[in-house]
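Heads up, the thing below is written out as structure tokens.
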Number of protein chains: 2
Amino acid sequence: MISSQANLFLASLSSKNRDFLLERSTPVTLPLRTVLYNAEEVPSHAYFITSGIASVVSTMSSGATAEVGIIGREGIAGSLQLLGPGLVPTHCFMQLDGTGLKIPFSELKKAFRSSEDVRDRANEFIQEQVLSLSQLAGCNRFHEAEERLARWLLMVQDRTQSDVLNLTQEFLAMMLGAQRSTVTLVAGSLQRSGLIEYQRGRVKILNRENLEAAACDCYQVTKHLYANLYKQSTPGGRK
Amino acid sequence: MISSQANLFLASLSSKNRDFLLERSTPVTLPLRTVLYNAEEVPSHAYFITSGIASVVSTMSSGATAEVGIIGREGIAGSLQLLGPGLVPTHCFMQLDGTGLKIPFSELKKAFRSSEDVRDRANEFIQEQVLSLSQLAGCNRFHEAEERLARWLLMVQDRTQSDVLNLTQEFLAMMLGAQRSTVTLVAGSLQRSGLIEYQRGRVKILNRENLEAAACDCYQVTKHLYANLYKQSTPGGRK
DNA sequence: TGCATTATGTTGCATATCGAACAGACGAAA
DNA sequence: TTTCGTCTGTTCGATATGCAACATAATGCA
């Protein structure tokens, strides 16, 4: 049984609205690589993530990929589609396995349209995604692989609270939009500096403080956006 | 006098809602470099662009800049701030001078909150911005300066209908997130191929078709997003 | 235990772009 | 016309990363 507080978006709603959505949702496990939506498709379901992490990924025609969004238990996979009929050019899948609540997209959309509370909170989440993306778009352009890797690990850790992450270098390369050999290089550098430790698909963060110093400023920017999410709402749904 | 149809967002609204917003708006000229909003500030006004182009720009702590959004007469500068209390990390200014309608941000927000029509259309515009950004974030990472320059010129031309653009290489460098000398290189290449022609702050597009071929696929993706904007609404405000 | 699979290490060359500097060219203002 | 500021051309070394190939090491399955 998943707590109704496990997803921060749901937790930020009034109990009435939360119950409305919960009644229409089904708890699901979300194993690694589960696809939450595909590019250019109207999703059948949206997902309230309750554990694990989903990645929103942009794929170029060359096949190169880069992460452009990250969703943990604070959010909803499939929220961008609420805004309009535009076809989303990204896809979204589980990057670290976890759990969630699955709701028919049409039901979520109905709530989004009819409830101001649902809409306000969903818009807040969408805004956080968009503003982070604005920052990360620049980050992808200017910052070096090592800084980006550090930033990325920190962002993931913030959303899992775990200091051990199951991630291969191959996978990290896809997230960072880099070659796998580049990841080997920069991850090796971080390891030699004692900031992380890794082995075959397992990364452990050893020194968070120094890792933050090794990351680009984009980490701080997105961290604040993340930290302030739902802050104005009434936690626990007291409203 | 600016036609009420000059801004496509306003044109997509019902006449009642359009009038509501027009009554609260002031026509303004928007000279080159006019700042429409700053980073981390709640804007005092939003702007419905009626001519010219605004750029949404991300600035890194190093001072490096890259464009992460572009707004022509289809849109609203200051729409992201409607979604929530998050502090927008980008700033926005006129990249080609033009005109617009200036409205107190609080008035626009009021309409956004109270009118479903306003909200739906604004959300559509926001979605177009976000989905384009998702694509361009990857573009910034993977595509070379020449492709990006071609894409960028095309995107600007789509929003101005003019084949002569007043832009210096220095400025293009800021938009593309590149060195000015790199822009000289790739612009020279495009000129030698007969796709563009330029001289001291003036770029002329000579061969649109071949320029599209020189641009990365991101152009097509964002073009479709742009072309389909407000398509489902009732143009002219018949609704 | 052995074997296949997968993850990581490493190397080497190619290259786009950076970063900085300087020179020339154009145009507006005096 | 002269001057000055701005825009553009060009060079050149430095470098992060791409791209490809192969070697090694760890894991899990048969």
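Small disclaimer: the values here were computed from a predicted structure and weren't measured. Each chain gets a letter, A, B and so on, in the order the sequences are listed, and its residues count up from 1. The analysis underlying the following values was restricted to heavy atoms, covering all of them including side chains, and did not include hydrogens, waters or symmetry mates.
Atom pair B:M60:CE and C:dG19:P shows a separation of 14 Å (rounding to whole Å applied). As rounded to whole Å, 10 Å separates atom P of D:dG18 from atom CG of A:L176. Remark: C1' of D:dT8 and CD of B:E197 are 15 Å apart, rounded to the nearest angstrom. Here D:dT17 presents its C1' atom at 15 Å from CG of A:L149, a figure rounded to the nearest Å. D:dA26 atom P lies 18 Å from atom CG of A:N166, rounded to whole Å. Protein atom CZ of B:R192 is 9 Å distant from nucleotide atom P of D:dG9, rounded to whole Å. The nearest whole Å value for the distance from the CG atom in B:L172 to the P atom in D:dG9 is 12 Å. The interatomic distance linking A:Q169 (CD) with D:dG18 (P) rounds to 14 Å, in whole Å.
Among the atoms of the strands shown, base atoms are found under 4.0 Å from some heavy atom of A:T184. A:R141 comes within 4.0 angstrom of the backbone, heavy atoms only, and of no base. At the heavy-atom level, A:E144 lies under 4.0 Å from the strands shown only through sugar-phosphate atoms. Nucleic acid contact for A:A145: sugar-phosphate only, since backbone atoms but no base atoms lie under 4.0 Å from a heavy atom of the residue. B:A178 comes within 4.0 angstrom of sugar-phosphate atoms only, judged by non-hydrogen atoms across all strands, and of no base. Counting non-hydrogen atoms under 4.0 angstrom, B:Q179 reaches a base of the nucleic acid.
For B:Y198, the listed nucleotide lying nearest its side chain is D:dG9; candidates were C:dT17, D:dG9, C:dT10. Of the candidates C:dA7, C:dG9, C:dC18, the closest approach to any side-chain atom of A:T168 belongs to C:dA7. Checking C:dA20, D:dT6, C:dG9 against the side-chain heavy atoms of B:R200 singles out D:dT6 as nearest.
Under the 4.5 Å side-chain criterion, counting only non-hydrogen atoms from C-beta, B:Y37 is in contact with B:V56. Here the side chains of A:V28 and A:T99 are not in contact, with every heavy-atom distance at 4.5 Å or above. Residues A:Q95 and A:V156 meet the side-chain proximity criterion, which asks for heavy atoms closer than 4.5 Å.
Shown here for A:R73 and A:Q5, the closest heavy-atom pair between the two residues is NH1-O, 3.8 Å.
Note on B:R208 versus B:D158: salt bridge recorded, some NZ/NE/NH1/NH2 to OD/OE distance being below 4.0 Å. In this structure, B:R151 does not pair ionically with B:E147, as no charged nitrogen and carboxylate oxygen lie closer than 4.0 Å.
Between A:F142 and A:Q199, it is A:Q199 whose nearest contact on DNA chain C lies nearer the 5' terminus. Judged by closest nucleotide on DNA chain D, B:E170 is the one of B:L185 and B:E170 placed further toward the 5' end.
For C:dC18, one of the phosphate oxygens OP1 or OP2 lies less than 4.0 angstrom from a side-chain nitrogen or oxygen of B:T182.
For A:R180 against D:dG18, a side-chain-to-base donor-acceptor contact under 3.5 Å is absent.
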